[in-house]
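Here the structure comes first, spelled out in structure tokens, and everything after it is commentary.
Both backbone and side-chain heavy atoms feed into the values below; hydrogens, waters and symmetry mates do not.
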Amino acid sequence: MNVERVPVPTETLSPYGVTNAYLVGREPAVLVDPAGRTDALDRAVDAREVDHVLVTHAHPDHVDGVAHYADACEATVWARAGRESRFERATGVAPDRTFREGTGVGPATVMETPGHAPDHVALVAGEAVLAGDLVVAEGSVLVGADEGDLRAYLASLRRLYARDPGRLHPGHGPAIDDPRARIERLLAHRLDRESKVLAAVRGGACTLDAVTDAAYEKDVSDVREAARRTVAAHLEKLAVERAVRWDGRRAAPR
């Protein structure tokens, strides 16, 4: 299936400095994650009959072009069922239709993949999957306690692994041609971080800052807030699993 990537400059934590907009299919085509209006995206859209616009999730670096392209293409705007208000707040556009697991949108099919965000989905396009912020080629995805759910994120990664796609098209950076190997590395990274967080709590660290300092071996001063949010997400997961006590302010071993 034809999938075209159009990088759009955005203010994002991704090291790439861009968010990928995608056009899937041709007649009809689906525009995914129009992060803003650019000349390159205008040209790509003009070359197709775009009937549908949607986002993998309603984070600011994925949505700024939704209103423009929905109007310019007279396209159907889709949002995750149950998350319509969140979508409208982020985009300024009321969705025309909603999707959930298994919904067909043009030539693509929705796969629910919460974790990075509560409304996060991926799109299955033939042998490929548009993965949004579930997977990136380099580094790791931010799963912070404010918006993220680490248990859900790991489950989504495992679902994607089980699907065994031929190629992944992430929300940031280049395509991934070894999906299972990349997913394995992301899972290992998360579980390694979790073991460090658990060891920190068992070693006496009880505040979020203390656990963060103990769980990261490198200097994270440049991304301190993201690191704190990540550790808080791990503490929330470990608390649900009854491995630690965590009330949002202090942690203790069980």
Any Pro34 side-chain heavy atom under 4.5 Å of Val55 side chain: yes
Ionic contact status for Arg26 with Glu49, cut-off 4.0 Å: no
SB check Glu236 Arg229 (cutoff 4.0 Å): no
Whether over 12 other heavy atoms sit under 6.0 Å from Glu225 CD: yes
Gap separating the CG atom of Leu157 from the CD1 atom of Ile183, nearest 0.5 angstrom: 6.5 Å
SB check Asp178 Arg185 (cutoff 4.0 Å): yes
Approximate separation, where rounding is to 0.5 Å, of Asn2 CG and Glu27 CD: 11.5 Å
Joint hydrophobic cluster, Val93 plus Val45, side-chain heavy atoms closer than 4.5 Å: yes
Nearest heavy-atom neighbours spanning Pro253 and Val201: N-CG1, 3.6 Å
Cluster check Met111, Tyr153: I/L/V/M/F/W/Y, side chain < 4.5 angstrom: yes
Glu112 bridged to Arg159 by N-O distance under 4.0 Å: no
Residues Asp209, Arg224; criterion salt bridge (Lys or Arg N to Asp or Glu O under 4.0 Å); working and verdict: CA-CA 9 Å; Asp209 282 321; Arg224 180 73 181 180; 3.2 Å; yes
His234 and Arg193, any side-chain heavy atoms less than 4.5 Å apart: yes
Side-chain donor-acceptor pair present, Asp71, Tyr69, cut-off under 3.5 Å: no
Joint cluster assignment, Val53 & Val24, ILVMFWY side-chain distance < 4.5 Å: no
Centroid-centroid distance, His62 to His120, less than 6.0 Å: no
Beyond-backbone contact of Thr230 with Val143, side-chain heavy atoms, under 4.5 angstrom: no
Trp246 versus Ala239, closest heavy-atom pair with distance: CB-CB, 4.0 Å
Other residues, nucleotides, ligands: >12 heavy atoms within 6.0 Å of Arg97 CZ: no
Axial cation check for Tyr161 ring with Arg180, 6.0 Å and 45° limits: yes
Thr109 side chain near Leu123 side chain, heavy-atom distance below 4.5 Å: no
Shared hydrophobic cluster for Leu23 and Val18 (ILVMFWY, side-chain gaps under 4.5 Å): no
Heavy-atom side-chain contact between Val8 and Asp64 under 4.5 Å: no
Close aromatic pair by centroid cut-off 6.0 Å: His59 and His116: yes
Polar side chain donor-acceptor pair, Thr56 to Asp33, under 3.5 angstrom: yes
Check: Val77 and Phe87 side chains under 4.5 Å, non-hydrogen atoms: yes
Leu191 side, atom CG; Lys196 side, atom NZ - distance, nearest 0.5 Å: 11.0 Å
Non-hydrogen side-chain atoms of Asp51 and Val30 separated by less than 4.5 Å: no
Least distance between heavy atoms, Arg48 atom then Gly25 atom: NE-O, 3.1 Å
Thr98 side chain near Glu84 side chain, heavy-atom distance below 4.5 Å: yes
Greater than 12 external heavy atoms within 6.0 Å of Asp164's CG: yes
Electrostatic pair Arg151:Glu241 at N-O distance under 4.0 angstrom: yes
Full working for salt bridge (Lys or Arg N to Asp or Glu O under 4.0 Å) between Lys237 and Glu194: CA-CA 9 Å; Lys237 175 181 180 294; Glu194 179 176 295; 2.7 Å; yes
